[in-house]
Each structure stands twice: as structure tokens, then as C-alpha cells.
Amino acid sequence: MSAENFSDEPTRLAETIVPLFARQAGAFTPVAAPDGSRVELITGADDQDDCAVFRLTGNHDLVVGTDYVRGPKFRLYEMGHLDEYDLGYYLVAANLSDIAAMGAKPIGLLSVVRYPAEMDDVLFGFVMKGIRDACAAFGCPNVGGDIGGAERLILTASALGVCPAGGALLRSGAKPGDVVCLTAPTGLAGAAMAYLRAGIPDPAIEGLLPALLANWKRPVARIGEGLALAASGVVTSCQDTSDGLKATLLSIADLSGVGIAVDEWAVPVPEPVAAVAPHVGVEPLALVLGDSVDFELVFTVPPCRVDELAESVDFHRIGVVVEEQEVVLVGEDGSRAALPGKAWRHQGGGDGKA
């Protein structure tokens, strides 16, 4: 391939980054509150300064999170089910999901894209277009970061958000009696991974593959839902399911010093997940609760306020917070058992997020 397809870093910055992320300050919608508090973007990525600049007026809490995404070690990418555009899109969603879980309004993303020498301008552009389009979808500009060479493709980012002072949703506030809620069904991402890793095609499941892969290719950060939950003033705890539903429930219970009784009949099981489960030899709830990266929100609400919240946010009621500090699955017959599925552990290198 000719050298003209492999630009240097300054050229990629000038010819790819700046056009893709142009006129950010003018396009940024200021975050305004009734008390006069305001957030404005003064200097964005297209200005090519050392840093982005936000002007914060009034009383805010700044919410900051960071997440790393595998490049060529991303398993579904290596298997040919995701491309460079998908990886860029996923990077944004993964980071903004954390902002959503805090009930904050995203104001900026700082992306780091390190690429190998064999990545030409076209593939580099695909990564950056995925980042740009995801940022546009979630209303959050990519205001800066870093690009440059590395031994392989490396993707990481930091997301910035704001919320009224003291208004961030935390994992640690669940109280006995609270209703445990879930924004939408989980398990699709995990089922996709389990099916494709099994390597045994099934014509009936092949037709469901687009739905199974959607949470990998176009994951959704629940920004709107997170903002609505925070604005309601009734949510006592919240966390996203990026480590899987089981891990999320365990985390909220542990940090809140409570237990959770999950109603087996109330946990939604998507049709594609139900189809994959017997194919890979597990129960459907093991996929729904296991290390599936679905970026939904789990939150807790006092029972007297849950109907009120349902008027503004769609969700499933899947259980209740209890005093006894254990997380269990309650069957229709009243039986109690440990939650099925594999809870993600970062140090273990599990496959659910790969």
C-alpha cells in the first residue's frame, strides 16, 4: 500500500480529527439550571489547543469517569463481527454509561486512540467516525484527548458530566423496602458472546444474530433515563450493568449494607437470549444475570414513589431490598437460591466484556 495512505500524526489531526469534530463550541448546547448555574464549552477539539476549556458558572458537581476498550484483543472484533467503526462507537457508549448511572449530564469526552503502524488513514478514520457518531447520538462532544502510534490499537476515554451539587446518584443508598428496578432487559450481549464462542451455527439463532449483536455494535448509554432518575429526587441508588446484572445487584447490596431479593418471574428474558440458552447448555437467567455488557441501569426506589416514577421512566420491577445482607433469587414457590450466572471480575479476565 502506498505511503500516501499512512499519514503522520499531525496530518491525521489536521485532516481527520479537525474536520470530524469541527465547530464544537458553537454547536455545544449550554447546560443551564433555574438557579442561573450554567456550563459552556469555550475551546473544543477543533481549536487544537492543549486542553478543552469549559466555563462553569454557579453550583455544580463535576462527574468524571474513564474506561478502557480492547482494540485487536476485543474478541468479537477478532472474530469479524465488529469493525473499527463499531469499536469507536462502543468506546463512547461504555464511558457515557457511567455518566448516565450517576444521573449526570454529559458535557465532554476525552478519547485516546493509539494505533499500530499498519493502520492506514481509512481504518483510522473509521475509528474516529464511530467516536464522532456515538458522541452525536448521546449529545456529548469529543472535546480532545490523544492520538499517536502504539504496538496495537488501544482505545480508552474519559467522560465528563455535571449535575446539581449533591445530586449525583450513588450505589450506596438503597434502603430495606425499596423496589429494585431495571431500565430494560439484559443478557443480549452475553448471549451473543456465548453463541459465537460455541462455534456451532444454528439456523434459528442465525436470524436473531443482528438483535444479539446490537448491544455490541450500537450500545445505548441511558443518558435520558439517568437524568430523569436524578431529577425525580426519589431514587436511592443507581448503577449501570456494564459488569452484568448479577454483579450490579451484588455491588449495590454490598455498598448499601443491605440484601436484595430478586423475583425470578419478574426478570425479563429477551427472546434471543431464551433461544441461545439451550444451545449453549445454560439456563436463560444465567445469561440474563451473568457478565453481559448491556449498559442498562439498575436503581432502587421507595415503594410509595415507584408508580410516580413510572410516569416518566420505563422500567421493570425485578425485586426488593431487604435487611438480611444476601442477594438471592426467589422462585414463585417461595424458594430461595443464589443468583445464577457468572458475575464479572476485572482481575479474572472474563469473556463477557471482551
Side chain to side chain contact (heavy atoms under 4.5 Å, CB included) against Ser97, all qualifying residues, sequence neighbours excluded =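 Checked Ser97 against side chain to side chain contact (heavy atoms under 4.5 Å, CB included); matches are Ala221, Asp240, Phe295.
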Which residues share a side chain to side chain donor-acceptor pair (under 3.5 Å) with Glu264, sequence neighbours left out =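 Once residues adjacent in sequence are excluded, Glu264 has no partner under the side chain to side chain donor-acceptor pair (under 3.5 Å) criterion.
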Audit row: Asp121, Asn5, side-chain hydrogen bond (donor to acceptor under 3.5 Å, both in side chains) steps and yes/no = CA-CA 6 Å; Asp121 291 355; Asn5 295 316; over 6 Å; no
Parallel, tilted or perpendicular, as decided by the 30° and 60° cut-offs, for the rings of Tyr90 and Trp216 | parallel
Are Arg218 and Tyr89 in a cation-pi contact, defined as NZ or CZ under 6.0 Å from the six-membered ring centre and within 45° of the axis?
-> yes
Row check, Tyr115 ring normal vs Arg12 NZ/CZ: under 6.0 Å, within 45° =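 Yes, Arg12 lies over the aromatic ring of Tyr115.
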Taking 4.0 angstrom as the limit, do [X] and [Y] come out as a salt bridge?
X	Y	answer
Glu326	Arg336	yes
Arg23	Asp47	no
Glu78	Arg75	no

What one should report as the nearest heavy-atom pair of Val330 and Trp265 is O-CZ3, 3.5 Å
Locate the shortest heavy-atom distance separating Thr43 from Leu41; write the atom from each residue and the value.
->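 Closest heavy-atom pair between Thr43 and Leu41: O-CD1, 3.4 Å.
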Enclosure of [X] [atom1] (heavy-atom neighbours >12, cutoff 6.0 Å):
X	atom1	answer
Glu271	CD	no
Asp35	CG	yes
Lys217	NZ	yes
Asp314	CG	no

May I ask you to test the Val180-Val320 pair for a side-chain heavy-atom distance under 4.5 Å?
->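 Heavy-atom side-chain distance check fails, nothing below 4.5 Å.
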Sub-4.5 Å side-chain heavy-atom contact between Cys140 and Val92 | no
Co-members of the apolar cluster containing Val234 [side chain, <4.5 Å] =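 Members other than Val234 - counting any ILVMFWY side chain reachable under 4.5 Å - are Leu169, Val179, Leu229, Val235, Leu297, Phe299, Val301, Val306, Leu309, Val313, Phe315.
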Would you confirm whether Ser256, through its side chain, and Ile252, through its main-chain N or O, come within 3.5 Å as a donor-acceptor pair?
->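 Between the backbone of Ile252 and the side chain of Ser256 there is a qualifying donor-acceptor contact (under 3.5 Å).
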Report yes or no: do Leu123 and Met128 belong to one cluster of Ile/Leu/Val/Met/Phe/Trp/Tyr joined by side chain heavy-atom distances under 4.5 Å?
->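 Looking at the clustering, Met128 is in the same group as Leu123.
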Could you walk me through whether Leu245 and Leu249 pass the side-chain contact (heavy atoms from CB on, under 4.5 Å) test, one step at a time?
-> CA-CA 6 Å; Leu245 180 53; Leu249 294 167; 4.1 Å; yes
